[in-house]
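Let me begin by presenting the structure, written as structure tokens, before commenting on it.
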Amino acid sequence: MSEECTPQACSTCKETCSDRKADPKSFLKDPHPKSRVNKVIAIVSGKGGVGKSLVTSMMAVNFQRLGKRVAVLDADITGPSIPKMFGIKKQAEGSEEGLLPVKSSMGTQVMSVNLLLEDETKPVIWRGPVIAGTVTQFWTDVIWEDVDYMFVDMPPGTGDVPLTVFQSLPVDGIIIVTSPQDLVSMVVQKAVNMAEMMNIPILGIVENMSYIECPDCHKKINVFGESHIDEAAKEHGLTVLDRLPLNPKIASACDKGMIELADIEIIDNAVKAVEDLK
Ligand SMILES: Nc1ncnc2c1ncn2[C@@H]1O[C@H](COP(=O)(O)OP(=O)(O)OP(=O)(O)O)[C@@H](O)[C@H]1O
């Protein structure tokens, strides 16, 4: 190790030493030659069920409403919920050149394993490398047509599969989704470590199911007790972008496949953080 060594310096250093770290960008895969994707935003969570797919869909819908061309890559292979939220029932089709994403009724391009399976109720019981390979193919073999913003619904956690996905896709920014029941500080720490390894900025944290609002007096009630999100964010120098309520109308819009028609402006700080990306 050279005396001037810093943890980030390997990519510019010419010395060959035992401490050399692989350049995370060297694992990046090229997109399909006909794809045009401007920005890729990954949505991550520490575990399943905290609302990662919901936040992914909300981000896509918000940008669609801003007149942007939007795509969702559903990398959550074992728990794919994006097609259902967008009410997509069609199967994806391919041409000789590659696989085509399915367009939602409002024009969002979507690719998900559910759009390829004959029976979407059958569980995907593939092993990690196959899952990671499938996600990578969603990037390399799908023809994404002129996308301003692609949102990637990542597999939950920070294990091998999300790591491979991060290494393969040129992610421009990460949004962390947590819920008040989460072991927030551990989740945030792991996400921060992964982002640092990959050299990708974390745009901030969205706390989902943060509270419920009384429909009569509009008082906010913290159903899951006091949140620890602010301390965890401060500890890592991150911003809490938005706090989303537990809202039966949102749950029902997701269930009915009508997320594109739902009232979802409540995620505006996360939208701004993505817009501000250079
Ligand atoms: N704020 C909310 N208000 C009401 N329902 C919500 C809210 N957030 C999530 N849900 C509901 O909870 C369920 C799980 O959400 P979602 O699929 O987004 O979680 P996830 O973290 O992506 O889980 P998985 O990793 O298992 O796919 C969905 O049915 C969704 O409609």
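Source: prediction; values computed, not measured.
- In terms of modelled atom types and a separation under 3.5 Å, the side chain of S168 and the main chain of T164 share a donor-acceptor contact.
- The shortest heavy-atom contact between V171 and G173 is CG1-O, 3.3 Å.
- The minimum heavy-atom distance linking G51 with N208 is given by the pair CA-ND2, 3.4 Å.
- A heavy-atom distance below 4.5 Å is found between the side chains of I250 and L54.
- The backbone N or O of A270 lies less than 3.5 Å from a partner atom in the side chain of D242, making a donor-acceptor pair.
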Without placing hydrogens or testing angles, list every side-chain donor-acceptor pair under 3.5 Å for residues 27-42, not counting sequence neighbours.
residue	atom	partner	partner atom	Å
H32	ND1	K34	N	2.9
H32	NE2	E97	O	2.7
K34	NZ	E97	OE1	3.2
K34	NZ	E97	OE2	3.0
S35	OG	V142	O	2.9
S35	OG	W144	N	2.9
R36	NH1	P33	O	3.3
K39	NZ	K278	O	3.0

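- Among residue pairs with one or both ends in residues 88-108, none qualify as ring pair (Phe, Tyr, Trp, His ring centres under 6.0 Å); sequence neighbours excluded.
- In this structure, L116 and F138 have side chains that are in contact, with non-hydrogen atoms separated by less than 4.5 Å.
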Which pairs would a plain distance check flag for residues 67-76, meaning a side-chain donor or acceptor within less than 3.5 Å of a matching protein atom at least two apart in sequence or in another chain?
residue	atom	partner	partner atom	Å
R69	NE	D146	O	3.4
R69	NE	D148	OD2	3.4
R69	NH2	D148	OD1	3.2
D74	OD1	D76	N	3.2
D74	OD2	S112	OG	3.1
D76	OD1	G79	N	3.4
D76	OD2	K52	NZ	3.1

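- D255 meets the salt bridge (Lys or Arg N to Asp or Glu O under 4.0 Å) test with K84; sequence neighbours excluded.
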F86 and V61: CA distance, side-chain angles, deciding distance, side chain to side chain contact (heavy atoms under 4.5 Å, CB included) verdict: CA-CA 10 Å; F86 281 85; V61 174; 4.1 Å; yes
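- A donor atom on one side chain and an acceptor atom on the other are found under 3.5 Å apart for Q64 and E260.
- M85 and L115 fall within a single hydrophobic cluster, where Ile, Leu, Val, Met, Phe, Trp and Tyr are joined by side-chain heavy atoms under 4.5 Å apart, directly or via other members.
- Linking ILVMFWY side-chain heavy atoms closer than 4.5 Å, directly or via other members, places F151 and V102 in a single hydrophobic cluster.
- Here the straight-line distance linking atom CE of M150 with atom CH2 of W139 works out to 5.5 Å at 0.5 Å rounding.
- Not counting sequence neighbours, the partners of Y149 by the ring pair (Phe, Tyr, Trp, His ring centres under 6.0 Å) test are F63.
- The distance from the NZ atom of K220 to the CZ atom of R243 is 9.5 Å, given to the nearest 0.5 Å.
- In terms of hydrophobic clustering, with Ile, Leu, Val, Met, Phe, Trp and Tyr side chains grouped at heavy-atom distances under 4.5 Å, V113 and L100 are assigned to different clusters.
- Residues K272 and D268 are not paired through a salt bridge, judged by the lack of any N-O separation under 4.0 Å between the basic side chain and the carboxylate.
- Donor-acceptor pairing under 3.5 Å is recorded for the side chains of D153 and S53.
- Residues M59 and I175 approach most closely at CE-CD1, 3.8 Å, considering heavy atoms.
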Derivation and outcome, side chain to side chain contact (heavy atoms under 4.5 Å, CB included), residues I229 and T178: CA-CA 8 Å; I229 189 83; T178 65; 3.2 Å; yes
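- Two residues are said to be in side-chain contact when any heavy atoms from C-beta on lie closer than 4.5 Å; I205 and V177 fail this criterion.
- Taking each heavy atom of Q109 and E145 in turn, the nearest pair found is NE2-O, 2.7 Å.
- Hydrophobic clustering, with ILVMFWY side chains joined whenever heavy atoms are under 4.5 angstrom apart, keeps M106 apart from V147.
- No side-chain heavy atom of V206 sits under 4.5 Å from any side-chain heavy atom of V240.
- Rounding to the nearest 0.5 Å gives a distance of 12.0 Å between NZ of K219 and CD of E213.
- For the residue pair Q137 and T134, no side-chain donor N or O sits within less than 3.5 Å of a side-chain acceptor on the partner.
- Distance check, rounded to the nearest 0.5 Å: CD1 of I174 to CG of L203 gives 8.0 Å.
- Proximity of V110 to P101: side-chain heavy atoms (C-beta onward) are nowhere separated by under 4.5 Å.
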Side chain to side chain contact (heavy atoms under 4.5 Å, CB included) evaluation trace for I77 with V135: CA-CA 8 Å; I77 300 290; V135 178; 3.6 Å; yes
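- Here the CE atom belonging to M258 is positioned 13.5 Å from the NZ atom belonging to K249, to the nearest 0.5 angstrom.
- For the pair S179/E207, no side-chain contact is recorded, criterion being any heavy-atom separation below 4.5 Å from C-beta on.
- The heavy-atom pair separating I200 from D172 by the smallest distance is CG2-C, 4.0 Å.
- Hydrophobic clustering, defined by side-chain heavy atoms of Ile, Leu, Val, Met, Phe, Trp and Tyr closer than 4.5 Å, groups I221 together with M209, I212, V223, F224, L246.
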Test side chain to side chain contact (heavy atoms under 4.5 Å, CB included) applied to V55 and L244, step by step: CA-CA 9 Å; V55 170; L244 310 184; 4.0 Å; yes
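- Between L163 and M194 the shortest side-chain heavy-atom distance falls below 4.5 Å.
- Interatomic distance, CZ of F166 versus CG of N199, reported as 12.5 Å (0.5 Å rounding).
- The shortest non-hydrogen separation linking I82 to S57 is CD1-OG, 3.6 Å.
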